[in-house]
Amino acid sequence: MQEPILTVKRITKTYPGVVALDDVSVTFASGEIHALLGENGAGKSTLIKVIAGAIEPDQGSIVFGTQEYAKMTPALAKELGIAVIYQEFSLVESLSVAQNVFLGENRGLLVNSDDVNRRAARIFAEMAVSLDPTMQVRKLSPAKKQLVEIAKAVSGNARILIMDEPSAPLSAAEVETMFEIIGKLKAKGVTIIYISHRLEELFRISDRVTVMRDGRTIETLVTNQTQRQALINLMVGRELKEYYPRHSAAPGEVVLEVRHLSGLGDEDISFSMKRGEILGVAGLVGSGRTELASLVYGAAPKESGEVWIDGTKRDIHSPAQAIAYGIGLIPEDRKHHGCILNASIRFNIALSVLNQLARFGVIDTKAQKRVTRYYAEKFSIRTPSMEQRVRNLSGGNQQKVVLAKTLAADTNILIFDEPTRGIDVGSKQEIYHLMVDLVNQGKTILMISSDMEELLGMSDRLIVLCEGKYMGEVPRDKFDQRTIIELASGHH
Amino acid sequence: MPKIDLRGLQKYTVMFILVILMALFAFSSPYFLTLRNLTNIITQNTYFIIAAVGLSFVMIGGGIDLSVGYQMSLVGVVTAMSMVVYHLPVWLAIVIGISLGTLLGLFNGIIVTKVRVFPLIVTIATSTVFQGISYIVSKANTFRNYPAEFLLITTGKFLNISYDVWLTLLVVLFAAFVYAKTSFGWSVLALGGNEEASRLAGIKTTALKISVYAICGFFVAIATLVMIAKANTTSSMFGPGTEFTCLTAAIVGGISFVGGEGNILGLVTGVFILAVLGNGMQLAGLGTYAQYIVKGLILLGAVTFDEYQKSHRGRARRIAPAA
């Protein structure tokens, strides 16, 4: 191993109810391609934000070269030559390619656009890509935008380039181009920190790989001395085995059938669900799972395809219609889509049943209090009062409020999108038990999760998506993490 | 963990400010605390309160309507002309005025939802459109001397209190009831609190948004009738500026600029703070221009406070996350 350029030492970062990073230490060597691997929520993104100075750790320090810093700031990171390409690009869409490449560069008052274009062209020539520096960024494909991001980092003489899921928006050919560029940067001595779920990519390009899980670094391995299966085991295995309750319902008649559904990047997805079962949806980030939920729920317009409920074809154009047909959604983004944070628990639970609780538009306060208290007790929402603002509840209790709101509307087909994300272990168990209870009562659950163990533990069957396409179905007796990860990464 | 309801606190803060202001002006002018002056303050502000209630529906729903002033201008001249130029019966003129106001609001709502541009910009644009129409319709004339039945709105009395004060009280109580007890009011609060969450919870947010603008237009038209009855005259110049007073009163009264919360009592208090300030400054010999400066500063102050309170709440949350 070459000499270290960057070391994070014993970094801890906590958010309310969640430990995002727990005493994390990693050393990155000069000129290596170092992959970070882990499931969603493992702490990779938090770690790179700490390195980039975007967030401040609670404890620990960062050593760059020989200098030790208690924390980074964005300005300091830039000065040291640490550049990050986030999953969401940070480009100004309305400006030209060259303007973006040199954005923030301070070279006096006047800008010579010819000069800027020439310098951008030179960088692209070095990278051996053809890109017009005068083109407006808005008009570029995601792959080209990413090249602009890389050029931006290169122009700032980056010594460390951090890439968060860089291949997610790219086609296979574009990924190849990106690898070539990464190879060139490495040859120039740039350290690359590469985050990806796609194992084959890591084996192609990385020198070392650090596996993270539950906010901790599990192990750092030399990639070419490591087996694929070993990495998967490290990534998904848990020291603290969680217990997944099983429901006792026998599958009944088909309640939901989705035929050839397309839209939001999803193409031709078909599946069906029987009463009293939990159907899991597996896939990587960007595989189109949340999009599938939006289409079925009518939250986004579908391009084509049909949704059949209880054997009848239904046109669902809005969430209001979906609810009327008995479909409920527990959204992925609980805080922004699931509830109104500034409003009370009572208000939130009543939200989906305002009309049912009102006579001639006037709310029956008694009935409303009865309904909200019923669900609060049923789901044991822990709060001193029903008037408490949802903002002040823990993640687990917020999720129970969202669940209460959804069920109050008398929904039978429930779509759970990442039901336990950002929730502590104890509350997770409660949510699992609630799901099992619901299925035992004859409800049907579509469960989207990035937590593989949870998906395998809870589902009766799984469907797997990859890049918006249906990859196949796996019955419970064939459940195997390796098969599913292979399917989810596009291998049949 | 002790609970501090900042919203409740703010409600009292606003009342407290009103009392302080009144005490201050009572010292500076012996005339200020006379029954006659206080009655004046109330009767001169009834139409502001009605219009502010209308605007509150839009603002609590997370929008804004800056065209309120020119809605009044147009509704005012059309209603007045119906009576004094076309000699229509008073009831019909009133129906025309209120329908027109509602339509103007509906127009705003449809554009805001269909074009999906910031309502601030949309309503500045429609404001100018309404202004143009108002001047074309009125040919820049002034219309005065309305039928006695129409003037009854402000001259008629019940229990020695004029009809427009009763009307205002009715409007205020109605709005307070809507927010406290109706599914519509709750939906509007939800819309302003989080539009996407509301939509996903099955609320028909587009229709709701259009309707709050229409309701705003409806109340603004009622406010216009009171305004022109009180003055017994109108022209296209009557109305503009009202939106500023209403907006300031709403924010001072604790209706958040980004929607989702607010109380009608605070709104009324907000109108009176501005009114007392105007009246008191007048009595103290400070003219209209000085009042502009003070009102502008108050709006800035109220928005700053609103913003501060939000970020403050955010910080407090991060330190003490769970209940």
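Remember, predicted model here, so these are calculated numbers, not experimental data. A, B, ... follow the sequence lines: proteins, then strands. Residue 1 opens every chain.
- Rounding to the nearest 0.5 angstrom, the gap separating the NE2 atom in A:His337 from the CG atom in B:Asn194 is 7.0 Å.
- Counting heavy-atom pairs closer than 4.5 Å to chain B, the top-ranked of the candidates A:Ile340, A:Asn348, A:Leu341 is A:Ile340.
- Note: A:Cys339 leads A:Ser294, A:Cys339, A:Gly298, A:Ala324 in heavy-atom pairs under 4.5 Å with chain B.
- Side-chain contact of A:Ser344 with A:Gln388: a donor-acceptor pair under 3.5 Å is absent, judged by distance alone.
- Top candidate by heavy-atom pairs under 4.5 Å with chain A, chosen from B:Gly185, B:Ser183, B:Gly202, is B:Ser183.
- There is a side-chain donor-acceptor pair under 3.5 Å between B:Ser67 and B:Asn108.
- In this structure, the portion of A:Ala350 lying under 4.5 Å from any heavy atom of chain B is its side chain and not its backbone.
- Contact annotation for A:Ala299: both backbone and side-chain heavy atoms come within less than 4.5 Å of a heavy atom of chain B.
- Evaluation of the side-chain hydrogen bond (donor to acceptor under 3.5 Å, both in side chains) rule for A:Asp417 yields A:Thr290 as partners, not counting sequence neighbours.
- With a 4.5 Å cut-off on non-hydrogen atoms, B:Lys181 touches chain A through its backbone and its side chain both.
- Contacts with chain B were tallied for A:Asn397, A:Thr406, A:Thr365; A:Thr365 has the most, counting heavy-atom pairs under 4.5 Å.
- In this structure, chain B has a heavy atom under 4.5 Å from the side chain of A:Tyr297, while its backbone stays farther away.
- Residues B:Thr248 and B:Ile273 have side chains not in contact (no heavy-atom distance under 4.5 Å, counting atoms from C-beta outward).
- Of the N and O atoms on the side chains of A:Thr312 and A:Asp310, not one donor lies less than 3.5 Å from an acceptor on the other residue.
- A salt bridge links A:Glu430 with A:Lys400: the distance from a Lys NZ or Arg NE/NH1/NH2 to an Asp or Glu carboxylate oxygen falls below 4.0 Å.
- Using a 4.5 Å cut-off between heavy atoms, A:Gln321 does not touch chain B at all.
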